[in-house]
A.B. asks: 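Please find one structure pasted underneath; my questions will follow.
Just the heavy atoms: all of them, side chains too, but no hydrogens, waters or symmetry mates, feed the values below. All of these numbers come straight from a predicted model, not from anything done at the bench. In the text below, chain A, chain B and the rest are named by the order of the sequence lines, each starting its count at 1.
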2 protein chains.
Amino acid sequence: MLNKIPQAAVPRLSLYYRALLESRGKDYISSEELSKLTNFTAAQVRRDLTYFGQFGTPGKGYAIEGLKKAIVSILGTDKNWDVALVGVGNLGTALLSYRGFEQQGFRVVCAFDSDLRKIGKTLEGIKVQDTTELEAAVKAKNVQIAIVATSAEGAQKVVDILIGSGVKAILNFAPIRPHVPPSVNLLNIDLSIELERLAYFLTKSSG
Amino acid sequence: MLNKIPQAAVPRLSLYYRALLESRGKDYISSEELSKLTNFTAAQVRRDLTYFGQFGTPGKGYAIEGLKKAIVSILGTDKNWDVALVGVGNLGTALLSYRGFEQQGFRVVCAFDSDLRKIGKTLEGIKVQDTTELEAAVKAKNVQIAIVATSAEGAQKVVDILIGSGVKAILNFAPIRPHVPPSVNLLNIDLSIELERLAYFLTKSSG
DNA sequence: CGCCCACTGTTAAACATTTCACAAATAGCA
DNA sequence: TGCTATTTGTGAAATGTTTAACAGTGGGCG
Ligand SMILES: NC(=O)c1ccc[n+]([C@@H]2O[C@H](COP(=O)([O-])OP(=O)(O)OC[C@H]3O[C@@H](n4cnc5c(N)ncnc54)[C@H](O)[C@@H]3O)[C@@H](O)[C@H]2O)c1
Ligand SMILES: NC(=O)c1ccc[n+]([C@@H]2O[C@H](COP(=O)([O-])OP(=O)(O)OC[C@H]3O[C@@H](n4cnc5c(N)ncnc54)[C@H](O)[C@@H]3O)[C@@H](O)[C@H]2O)c1
């Protein structure tokens with residue numbers, strides 16, 4: 001087993017898991033079959049899986065149920081994760097009402113905003129709290145994952161409070177790149193930049 | 001100028017542009033200063049920019065206004081792009097009401113849903129149309145970019161219709177990987193997978 | 001029990017991207 | 001004009017990732 005895991009291998013693991021979910025009724029699946037289901041090469045499937053351990057049986061393939069258990073254990077999706085949401089605007093509200101996350105073990109347990117018109121409202125069973133209560137609430141609940149869906153202006157300050165409260169992983173939707181220490185994992189979802197990537201592709205293709 | 005541009009250089013270009021916007025009041029900026037503003041190395045800034053041309057002046061740096069113009073021209077954000085939105089649910093509604101895209105030259109010009117309760121409603125000045133009208137409307141307006149925010153089940157069919165209608169670039173939020181021909185650029189925003197990446201990080205860090 | 005087959009795990013090669021280090025270029029100034 | 005300070009642009013090296021090829025392993029079967 002190599003000891004350096006490419007960052008891109010982790011989301012592929014999630015996709016292999018989804019493919020396994022579609023493979024009901026069989027006991028074993030080969031890297032070739034997983035390749036067809038995911039559009040990654042069979043070599044990459046095997047390589048990716050060996051980054052994390054040895055799960056296959058030569059001559060048979062991978063035991064589907066065993067591999068599923070292994071992947072959820074590696075990703076940590078066998079546990080339940082409590083999530084704090086900061087910024088209950090258009091996007092935050094959509095995220096709050098999305099039921100898909102709970103199926104993966106992610107549960108929004110508290111939500112915060114700085115706008116008095118939003119504080120106190122109850123959405124999807126969650127009462128929106130004032131951002132001044134963020135630190136205390138996150139510490140009390142020992143929340144480790146936060147979603148930031150505030151305006152760009154508020155985002156860095158919110159991220160600082162989250163880190164000070166012990167949050168170790170942040171999904172940020174605001175169009176800035178917040179500064180975080182190396183011990184905190186930050187993922188930025190920057191939709192304007194994604195659209196610009198598409199515009200670049202179109203511009204390049206058509207002259 | 002090398003002829004192979006790393007895919008990752010394109011979103012970095014967007015980030016350099018943002019940094020330039022923050023650099024008002026100066027005429028020139030060095031790769032070192034851009035490095036500080038973006039947290040990429042100065043060497044990477046210079047290398048990235050030379051992928052697309054020669055914009056700097058040795059001894060002085062990059063002319064800020066000129067570089068801004070160059071970047072928007074490369075990305076295509078100097079033009080206006082009409083966007084079609086398919087799936088006006090929680091997420092689609094949030095995207096529709098987001099004003100930030102228009103500032104970058106992206107304008108949602110039509111929206112579609114298959115749910116009778118949504119068809120005919122007007123949101124943000126856009127009347128939600130039946131998906132059966134998708135092909136005709138997209139062809140008539142010559143839309144090149146589409147956002148897919150339907151349920152997972154509907155997404156592949158919607159993508160097929162979009163491609164048949166001439167759409168060349170798609171931003172997909174449904175948790176599947178639609179099949180598209182190589183001539184179409186597809187970007188997937190898969191929030192469950194992003195959360196799983198965070199869970200992996202937390203699991204790995206804490207044992 | 002031993003052979004064959006199918007498929008994994010892995011070594012090595014190919015490919016891609018980033019970093020390093022410096023020659024070449026320009027501005028500014030005496 | 002010639003010299004110096006500065007900063008670009010870019011070969012070359014280092015690093016990282018993917019693909020290819022196959023040796024080795026285990027299971028099934030005669
Ligand atoms: N809505 C979209 O489709 C979309 C698309 C791309 C990017 N974004 C980004 O996502 C973020 C949220 O977008 P939105 O459309 O929901 O915006 P929004 O204005 O509807 O909501 C932002 C919310 O954050 C709250 N907020 C601001 N500062 C805060 C703070 N310090 N603490 C707590 N709450 C605070 C505001 O009160 C508001 O309720 C923005 O940064 C936006 O740029 C959104
Ligand atoms: N809301 C979120 O925060 C969130 C988070 C992660 C992923 N997603 C994904 O984004 C997508 C949209 O999420 P949502 O919360 O808005 O869901 P939603 O159920 O609120 O909205 C989906 C909309 O798509 C429409 N639709 C379904 N099939 C269609 C078709 N064939 N043509 C046109 N419209 C069709 C539905 O009528 C509905 O209005 C889903 O695939 C979801 O898995 C959403």
A.B. asks: For a quick check under 3.5 Å, do A/Ser30 and A/Glu33 share a side-chain donor-acceptor pair by atom type?
C.D. replies: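 Per modelled atom types, A/Ser30 and A/Glu33 side chains form a pair under 3.5 Å.
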
A.B. asks: State whether B/Thr41 places a side-chain N or O below 4.0 Å from either non-bridging phosphate oxygen (OP1 or OP2) of C/dT19.
C.D. replies: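 For C/dT19, OP1/OP2 do have a side-chain N/O of B/Thr41 under 4.0 Å.
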
A.B. asks: Ignoring the backbone of A/Ser30, work out which of C/dC7, D/dT10, C/dA25 is nearest its side chain.
C.D. replies: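 Ranking C/dC7, D/dT10, C/dA25 by closest atom to the A/Ser30 side chain puts C/dC7 first.
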
A.B. asks: Would you check if the side chain of A/Ser205 reaches a backbone N or O of A/Phe201 as a donor-acceptor pair within less than 3.5 Å?
C.D. replies: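 Answer holds: yes.
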
A.B. asks: Is it true that, when you exclude A/Arg99 itself, more than 12 heavy atoms of the residues, nucleotides or ligands shown sit nearer than 6.0 Å to its CZ?
C.D. replies: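 Counting other residues, nucleotides and ligands, CZ of A/Arg99 exceeds 12 neighbours.
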
A.B. asks: Counting C-beta onward and ignoring hydrogens, is there a side-chain heavy-atom pair between A/Glu196 and B/Trp81 closer than 4.5 Å?
C.D. replies: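 Not touching, per the 4.5 Å side-chain cut-off.
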
A.B. asks: Could you check which of D/dT8, C/dT18, C/dT17 has an atom nearest any side-chain atom of B/Arg12?
C.D. replies: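 Nearest to the side-chain atoms of B/Arg12, counting from C-beta on, is C/dT18.
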
A.B. asks: Check DNA chain D against residues 31-40 of chain B and give the residues with a non-hydrogen atom under 4.0 Å, in numerical order.
C.D. replies: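 When residues 31-40 of chain B is checked for heavy atoms under 4.0 Å from DNA chain D, the hits, listed by number, are B/Ser31.
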
A.B. asks: How close or far is atom P of D/dT19 from atom OH of A/Tyr51, stated in whole angstroms?
C.D. replies: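 Atom OH in A/Tyr51 sits about 10 Å away from atom P in D/dT19.
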
A.B. asks: How many whole angstroms separate atom CG of B/Leu49 from atom P of D/dT8?
C.D. replies: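 Those two atoms, CG and P, are 9 Å apart.
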
A.B. asks: Is there a side-chain contact between A/Lys60 and the phosphate of D/dG28, meaning an N or O under 4.0 Å from OP1 or OP2?
C.D. replies: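 The answer is yes; a side-chain N or O of A/Lys60 sits under 4.0 Å from OP1 or OP2.
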
A.B. asks: If you take atom types as modelled and just measure distance, does the side chain of A/Arg47 reach the base of D/dT19 with a donor-acceptor pair under 3.5 Å?
C.D. replies: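 Between D/dT19 and A/Arg47, which were checked side chain against base, a qualifying N/O pair under 3.5 Å is present.
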
A.B. asks: Check whether A/Ser206 reaches the backbone of A/Leu202 with its side chain - one donor and one acceptor, N or O, closer than 3.5 Å.
C.D. replies: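 Yes, the answer is positive, given that a donor and an acceptor are paired below the 3.5 Å cut-off.
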
A.B. asks: Can you work out whether A/Asp48 or A/Thr57 has the more 5'-proximal nearest nucleotide on DNA chain D?
C.D. replies: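 The 5'-side residue here is A/Asp48.
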
A.B. asks: Between A/Tyr62 (OH) and C/dA6 (P), how many Å, whole number?
C.D. replies: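 After rounding, the gap between these two atoms is 17 Å.
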
A.B. asks: Taking the side chain as every heavy atom from C-beta outward, state whether A/Leu191 and B/Tyr98 have any atom pair closer than 4.5 Å.
C.D. replies: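 No, every pair of side-chain atoms sits at 4.5 Å or beyond.
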
A.B. asks: From OH of A/Tyr28 over to C1' of D/dG28, roughly how many Å is that when rounded to an integer?
C.D. replies: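 Distance check: A/Tyr28 OH to D/dG28 C1' gives 13 Å.
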
A.B. asks: Is A/Gly59 touching bases, backbone alone, or none of the nucleic acid, heavy atoms closer than 4.0 Å?
C.D. replies: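 It contacts base atoms.
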
